Amino acid sequence: MKIVVCIKQVPDTKGGVKFNPDGTLNRGAMLAIMNPDDKAGLEAALRLKDQYGAHVTVVTMGLPKAEEVLREAMAMGADEGILVTDRVLGGADTWATSQTIAGALRNLEYDLIITGRQAIDGDTAQVGPQISEHLHIPVISYAQKIVEVNEAEKYIVVERQYDDRYHVVKAQLPCLVTALAELNEPRYMTPGGIFDAYAKDITVWHRADLKDVLDSNLGLAGSPTKIAKASDKVRKGAGQKFELDPAAAADKIVETLAQKHII
């Protein structure tokens, strides 16, 4: 089985957020981490590797420093890493990003593609489904559990989160699955894994390596989404305030939690 995991290096907001004059994030000036949903997707792939002996390839698009998350993924157990980087890809929105990644994935053989549900820097949950559309393969989004992967009959069964319940969805392989952070608890890197990860070469692809992608769909120029204004300060509303005695307050809390299907 061949699994490709798409991961993203995202800003670690603990170190502050910095913007370019055009409103895009200045990623080179910020601390960075692996996107949490992507790490859960990586762990899912590694568990399938443990179970079926799958080959796991991690792919990321970003600045040269994004090699760091590929090394981290390889230290966790991924077999190889591919960095897609080029100046012409900078400033991409979800459309241009998904076009770029799809163009890279057309160079690979895969049975299953796993992405995170969404990235914490954009929170759109668009890139994974868009990649599946570009590649003309089925997608199962919001995966909270991978129930079964049948290599012989080429299908996957996934529990898909839906409001206060879940769907059990079956799809033919190859398929793309977007993972929730709640899917699992990602494993730690091992000392031996870290040594091995830094001994391996990272494959680096540029614009010329992308298949069947138009220049007009890449980078900032190919992004239909334009940023009007960006700020690291978000105003919060006052919310609702209630003055109740303890018993009534407890009833109100339970009622609210029930309305939101939390209990």
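Being a predicted model, the structure only gives us computed values, none of them experimental.
For the pair Arg160 and Tyr166, the NZ or CZ position fails the cation-pi test of under 6.0 Å to the six-membered ring centre and within 45 degrees of the ring normal.
The stretch residues 88-110 participates, sequence neighbours left out, in these salt bridge (charged side-chain N to carboxylate O under 4.0 Å, His left out) pairs: Lys2-Glu109. Among residue pairs with one or both ends in residues 134-154, those qualifying as salt bridge (charged side-chain N to carboxylate O under 4.0 Å, His left out) are Asp111-Lys154; sequence neighbours excluded.
Partners of Thr190 under the side chain to side chain contact (heavy atoms under 4.5 Å, CB included) rule, at least two apart in sequence or in another chain, do not exist in this structure. Remark: Asp215 pairs with Arg207 by the side chain to side chain donor-acceptor pair (under 3.5 Å) rule, at least two apart or across chains. Residues satisfying the side chain to side chain donor-acceptor pair (under 3.5 Å) test with Glu80, not counting sequence neighbours, are Thr57. Partners of Gln99 under the side chain to side chain donor-acceptor pair (under 3.5 Å) rule, at least two apart in sequence or in another chain, do not exist in this structure.
Among all heavy-atom pairs drawn from Ile146 and Leu183, the shortest one is N-CD1, 4.0 Å. Scanning all heavy atoms of the two residues, the minimum distance from Ala73 to Leu42 falls at CB-CD2, 3.6 Å. Contact detail for Arg71 and Ala197: the closest heavy-atom pair is NH1-O, 2.6 Å.
For Tyr162, the OH atom counts as loosely surrounded, since its 6.0 Å shell holds 12 or fewer non-hydrogen atoms of other residues, nucleotides or ligands. Remark: Phe195 CZ is loosely packed, at most 12 non-hydrogen atoms of other residues, nucleotides or ligands lying under 6.0 Å away. No more than 12 heavy atoms of other residues, nucleotides or ligands lie within 6.0 Å of CD in Gln240, so this atom counts as exposed by the packing criterion. Counting heavy-atom neighbours within 6.0 Å of Asp164 CG, excluding the residue itself, gives a total above 12.
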Problem - Residue pair Ser141, Arg117: steps toward the side chain to side chain donor-acceptor pair (under 3.5 Å) verdict - result: CA-CA 7 Å; Ser141 57; Arg117 167 193 53 178; over 6 Å; no
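Leu210 pairs in a side-chain contact (heavy atoms from CB on, under 4.5 Å) with only one of the listed residues (Ile101, Leu105, Leu89), which is Leu89.
No donor-acceptor pair under 3.5 Å is formed between the side chain of His55 and the backbone N or O of Met1.
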